[in-house]
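Notes to accompany the following structure.
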Amino acid sequence: MSESLIDLTERRLLEREQAALDNPDELFYCSYLISHLNLVAAEEPETDTLFAQGVEDSLNSAFAVDQLSDQDKSGIQSLWQAICAA
């Protein structure tokens, strides 16, 4: 696994978090994603693809049990896609 991808993804999320200090929804989305990113990174996935898939799987599992609104789920997924596409 490329540790640089984990670092890059985390840096992008932290930058977004800093830019969103006046947007509580985006702050929540950033922190939610950072926690999932850290959980997956701790498992030390062997490839970038496994890392990205691990985050997706972690989010989907959490969405199945967390009582998030559809808006929050959509916002989190949109932010994840934006971070991946950046």
Quick one: [atom1] on [X] to [atom2] on [Y], what's the gap to the nearest 0.5 Å?
X     : Y     : atom1 : atom2 : value
Ser58 : Gln53 : OG    : CD    : 11.0 Å
Phe63 : Ser74 : CZ    : OG    : 9.0 Å
Tyr29 : Asn23 : OH    : CG    : 8.0 Å
Leu13 : Ile83 : CG    : CD1   : 4.5 Å

Practice item. Any chance you could lay out the side chain to side chain contact (heavy atoms under 4.5 Å, CB included) test for His36 and Ile76, step after step, and finish with the verdict? Key: CA-CA 11 Å; His36 284 273; Ile76 292 163; over 6 Å; no
Study note, to complete from the structure: Taken in chain and number order and not counting sequence neighbours, the residues that satisfy salt bridge (charged side-chain N to carboxylate O under 4.0 Å, His left out) with Glu26 are Arg16
**Study point:** Heavy-atom check, side chain of Glu17 versus side chain of Ile34, under 4.5 Å
**Key:** yes
Practice item. Find out whether Glu56 and Trp80 are in side-chain contact, i.e. whether some heavy atom of one side chain is under 4.5 Å from a heavy atom of the other. Key: yes
Study note, to complete from the structure: Those residues at least two apart in sequence (or on a different chain) that pass side chain to side chain contact (heavy atoms under 4.5 Å, CB included) with Asp66 are Tyr32, Ala62, Leu68
Exercise for review: Begin from the C-alpha positions of Asp25 and Gln71 and carry the test side chain to side chain contact (heavy atoms under 4.5 Å, CB included) through to its verdict.
Suggested key: CA-CA 10 Å; Asp25 289 336; Gln71 178 182 342; 3.9 Å; yes
Which heavy atom in [X] sits nearest to a heavy atom in [Y], and how many Å separate them?
X     : Y     : answer
Asp22 : Ala19 : OD1-O, 4.2 Å
Thr47 : Leu50 : OG1-N, 3.0 Å
Val55 : Leu37 : CG2-CA, 4.3 Å

Exercise for review: Establish whether Leu27 and Leu33 are linked, either directly or via other cluster members, by ILVMFWY side-chain heavy-atom contacts under 4.5 Å.
Suggested key: no
Point to revise | Linked, directly or transitively: Ile6 and Leu39 (ILVMFWY side chains, under 4.5 Å) | key: no
Check your understanding: Would Glu10 and Asn38 satisfy side chain to side chain contact (heavy atoms under 4.5 Å, CB included), going step by step from the backbone distance to the final call?
Key -> CA-CA 8 Å; Glu10 184 175 35; Asn38 288 332; 3.6 Å; yes
